[in-house]
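Counting starts at 1 for both ligands and their atoms, following the listed order. Here the structure is a predicted model, which means the values were calculated and not measured.
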Amino acid sequence: MNIRAKICGIGTPEAMQAALDGGARYVGLVFFPRSPRNVSIATAAELSRMVRTGTRVVGLFVDPADDMLADVLAQVPLDLIQLHGSETPERVAAIKARFALPVLKAVKVAEPADLDAARAFEGVADMLLFDAKPPRGALLPGGNGIRFDWSLLTGRRWDCPWMLSGGLDPDNVADAVRATGATAVDVSSGVEDAPGRKSPARIRAFLTAVAGIRGTA
Ligand SMILES: O=C(O)c1ccccc1NCC(=O)[C@H](O)[C@H](O)COP(=O)(O)O
């Protein structure tokens, strides 16, 4: 089975090239100033120009206002909008209606109730991204390099595509896919050698590991 991979928080041409060469199906650009992966609109526009057919550019936002989305989209041709804040299903629907782009909605997972609540986004979001809920006091709502209990996903079926995220890296991604049946995976910290500093070598290692996953459900 071909597992689709998203490399998130790309900030340099070298990281983008490693992701593209390695076959990433999604590349994520972070528009969240508190993040060490935040990129300017100008940098994002430059990086997006490197992307060729077959790879989708994901713009990552946290509770964005329409003006911010409009400002980014005026210069960066995003293929998907990722919402990683506390956006409601109604807000997701409003963003989809106004900007006519698919929405990847992040669901922060720590316990079964978090997955129960995610049902509200089925039929609204185009895709769900299951990520670890940030620990109390965390500075970031995502990109924390922590896993959640993958067994929480066992036995659950979703009416929309979903992506596994949170603490993945080249060494654990195969186990994560086998444990969850994920057909799409997302990584940020696990392919960095320092917060916000993507490692082309680790990007290549992650994508090689993903490409080598066989025999999953
Ligand atoms: O990556 C960030 O800096 C970030 C900041 C604010 C909100 C979301 C953020 N990342 C979202 C992603 O899609 C990450 O890839 C995901 O949380 C997994 O991160 P990691 O556990 O570091 O692989």
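A salt bridge links Asp114 to Lys133: at least one charged side-chain nitrogen sits closer than 4.0 Å to a carboxylate oxygen. Between Glu87 and Lys105 there is a salt bridge, with a side-chain nitrogen of the basic residue lying less than 4.0 Å from a carboxylate oxygen of the acidic one. With respect to Asp79 and Arg56, no salt bridge is recorded, no charged nitrogen being found less than 4.0 Å from a carboxylate O. Contact check on Asp66 versus Arg91 returns a salt bridge, with a Lys/Arg side-chain nitrogen under 4.0 Å from an Asp/Glu carboxylate oxygen. Salt-bridge check for Arg156 with Asp116: passed, with a basic side-chain N closer than 4.0 Å to an acidic carboxylate O.
Side-chain contact, Asp131 with His84: a donor N or O sits under 3.5 Å from an acceptor N or O. Between the side chains of Ser188 and Lys198, at least one donor N or O sits under 3.5 Å from an acceptor N or O.
Ring pair Trp158/Phe130 is tilted by interplanar angle, where 30° to 60° counts as tilted.
Shortest contact from atom 2 (C) of ligand 1 to any protein heavy atom: Arg37 NH1, 3.3 Å. When only non-hydrogen protein atoms are considered, atom 19 (O) of ligand 1 lies nearest to Gly143 CA, 3.3 Å. Looking only at protein heavy atoms, the nearest one to atom 11 (C) of ligand 1 is Leu60 CD1, 3.1 Å. Protein heavy atom at the shortest distance from atom 14 (C) of ligand 1 is Asp186 OD2, 3.5 Å. Closest to atom 3 (O) of ligand 1 among all protein heavy atoms lies Ser35 OG, 2.6 Å. The protein atom (non-hydrogen) at minimum distance from atom 17 (O) of ligand 1 is Asp131 OD2, 2.5 Å. Atom 4 (C) of ligand 1 has Gly142 O, 3.5 Å as its closest protein atom, hydrogens excluded (heavy atom only).
Less than 4.0 angstrom separates some heavy atom of Gly166 from each of these atoms of ligand 1: 18 (C), 21 (O). Atoms of ligand 1 found under 4.0 Å from any heavy atom of Pro141, numbered from 1 in the order shown, are 6 (C), 7 (C). Within the listing of ligand 1, atoms 12 (C), 13 (O), 15 (O) sit less than 4.0 angstrom from a heavy atom of Cys8.
The proximity of Ser189 to ligand 1, defined as any non-hydrogen pair under 4.0 Å, involves the side chain as well as the backbone. Under 4.0 Å from ligand 1, the heavy atoms of Asn144 that appear belong solely to its backbone.
Of all the listed residues (Gln82, Arg34, Met163), Gln82 holds the heavy atom that lies closest to atom 13 (O) of ligand 1. Distances from atom 18 (C) of ligand 1 to the heavy atoms of Gly145, Ser165, Ser188 put Ser165 nearest.
For the pair Lys6 and ligand 1, a heavy-atom separation below 4.0 Å is found. The closest approach between any non-hydrogen atom of Gly167 and ligand 1 is below 4.0 Å.
Grouping the Ile, Leu, Val, Met, Phe, Trp and Tyr side chains by contacts below 4.5 angstrom, directly or via other members, places Leu69 with Phe31. Val62 and Val72 fall into different hydrophobic clusters, where Ile, Leu, Val, Met, Phe, Trp and Tyr residues are linked whenever their side-chain heavy atoms come under 4.5 Å apart, directly or through other members.
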